[in-house]
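Note sheet for the following structure.
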2 protein chains.
Amino acid sequence: MVRPTMEDVALRAGVSRALVSLVMRGSPKVSEMRRTAVLKAAEELGYSPHAMARSLASRTSTVLGVMVSDLHNAFFAEVVDGIDEVAREQGFDIIINTGGRSPARERRALESLLSFRPAGLILLSPVVPATAIGKAAEQLPIVLVARSSRVSTVDTVNDDGEQGARLAVDHLVSLGHKRIAHLDGGEGTQAGPRRRGYVTAMEAHGLAPQVVSSEYTDAAGARAIRSLIADGSLPTAILSCNDFNAVGAISALEDAGLRVPADVSVVGYDNTSLAALRHVSLTTIDQPRAEFGRLAALALLQRVRDERTDPVRHLLNPSLVVRNTTAPPGGLR
Amino acid sequence: MVRPTMEDVALRAGVSRALVSLVMRGSPKVSEMRRTAVLKAAEELGYSPHAMARSLASRTSTVLGVMVSDLHNAFFAEVVDGIDEVAREQGFDIIINTGGRSPARERRALESLLSFRPAGLILLSPVVPATAIGKAAEQLPIVLVARSSRVSTVDTVNDDGEQGARLAVDHLVSLGHKRIAHLDGGEGTQAGPRRRGYVTAMEAHGLAPQVVSSEYTDAAGARAIRSLIADGSLPTAILSCNDFNAVGAISALEDAGLRVPADVSVVGYDNTSLAALRHVSLTTIDQPRAEFGRLAALALLQRVRDERTDPVRHLLNPSLVVRNTTAPPGGLR
DNA sequence: CTACAGCATTGGAGCGCTCCAACCAATAGA
DNA sequence: TCTATTGGTTGGAGCGCTCCAATGCTGTAG
């Protein structure tokens, strides 16, 4: 249970501690002979460098901290994939911490991440107040994903929710739909842009928007549909605020004896793995998640290397994924 | 961008560095007067302790490393919740790293985690070879979740897959089913115990087991069903190796004009959030995921504190969650 | 044969912290 | 009055490493 140090390796290889340090950092100014001797000794002892001591001594860090607001959401997993890809190829490690959607726990996660003095921080859809982010931004570079900010030292990466909603409306209109309702995400992140995009697109087509208050869950989607049916105001197409909501909507429609897409078309948002299941096969809007992560990591590393001081605001284009929940209205297919 | 050190706080509070250290660690042998003075100075400077320097100096760590083999799987998120809960209440922080299901990447993640010299490591369903785990176990305490091990210095937490399969079979038999097929998980983790449990339970009921080779995906589940239909060997009930497989099976059954559960009953395994969707509403086997995490953290902390040296092998009981995909055979309901 | 590069190698200082032995009143006991 | 004892406080050493200035060593030019 006691790990060997550089000193041990140096002793065994018959060189100085400083030389071992050079070898470990891949310095070119070490003779081939010594290098192999050191590596051999390290191997035999099972030595691996102590990242914290290194970071302490060098006053630099090769660690990027990532705060994931909700580990349960697969959305973030793909963003992390993108971050990891870029970080790794540039010689950085990442450490993840999770906030569990609670501001208090998230704050603690932030504190914990900060105590490792990472080179920078990427926050995925954080729920902590902007002031907490601003304070952290005084200590190290920070990039926000799926959350906007006006702080000039903070970079952001977001999807263009307005455009995504527009894509969905355009698709439905091109199929011949005229009555299209939007099940709104309420307070949820990104719900605002999606709603705005929907309204704008409808008006651009000369159609009347119909916004129905709802939430990011399948139960809420089902509830919204039932109320529309009760009202007698059920349209021929539905644009849900996200995939879960859409799946709930579909299930309520089927419960009411309506067929999807023959009687009613449904479009989701996010292209979660759920949407891709053949049993669901949901037409939805895809966000370039891995690209979010890549751009976030790239932006962060630029700051870390002092290559840039102006803030970057990425707004990525979502795309439409057509599956089997959309068709022309009235079973015309 | 430059963080204050203990020295700065000491200077400002007019005390020694050692005294600040005592205050930061909440020592009782500090006069109230000095304590408040130090805390005030720290607050004004925005000081927070440097975790790495602390850990280096104290030769101890309050960090638990967690390696998640696949961040995309919500299963692990709940395990992490359990770990986090216990760790936090015992004054430990956790840092997470992901292996992305690839042994090479996982190895790197392990290396990275190790370089922080955490107090211990929890590996969630790791895919690295046992030797790599054994080697790491020489350096610090390790707990494995959803993977077994024979190494005596490593603790494990698993679900009792045999019992879970038995629960499912018992449920179907009690509904009146006699022909029950198992869509097998093949090489997948935990597929073995589930298959064994199924076979044992069938034989205990005097029924003939029918194991169909399949995989942990919805496409594989659908494929298996199609081949059963083509064979003319479709039973009245299906026990899938996991929820995804079950959903694929359901969709293939419906495509073939069969109703679930009226014509065929289907049981999944894992109780993922997918199963709970009303559109799916899958009868399935639930594993106490948060409990996995809690027990893993507890076991690890015992080792960390040298309270135990004998290995612990937790085998948790799964439970049956009845939803709407199971009913008596032949539409007798 | 000396001088001077150029290169590989090394000891020492120091990163921010903890820990320990020593220290310093102030009070208690003899 | 002198010595113990106690509670609060302090300087110094050292954790494992990096960085820097200095050192030794070749080989080549003068």
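Atom set for the values below is all heavy atoms of this structure, side chains included, hydrogens, waters and symmetry mates excluded. Letters A, B, ... mirror the listed sequences (proteins, then strands); counts begin at 1.
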Contact between [X] and [Y] at the side-chain level, heavy atoms closer than 4.5 Å - yes or no?
X	Y	answer
S55(B)	T60(B)	no
I83(B)	L300(B)	no
H50(B)	L56(A)	yes

[X] and [Y] ion-paired at < 4.0 Å:
X	Y	answer
R108(B)	E111(B)	no
R308(B)	D155(B)	yes
R105(A)	D84(B)	yes
E291(B)	R294(B)	yes

For chain B and DNA chain D, what are the first and last nucleotides along the strand, 5' to 3', with at least one atom under 4.0 angstrom from a heavy atom of the protein chain?
dG8(D) to dG16(D)
Could you go over nucleotides 6-8 of chain C and give all protein N or O partners under 3.5 Å, atom names and distances?
none

Nearest-nucleotide 5' precedence on DNA chain D, M52(A) against T60(A)
M52(A)
Option from V66(A), L64(A), L110(A) for which side-chain contact (heavy atoms from CB on, under 4.5 Å) with L121(A) holds
L110(A)
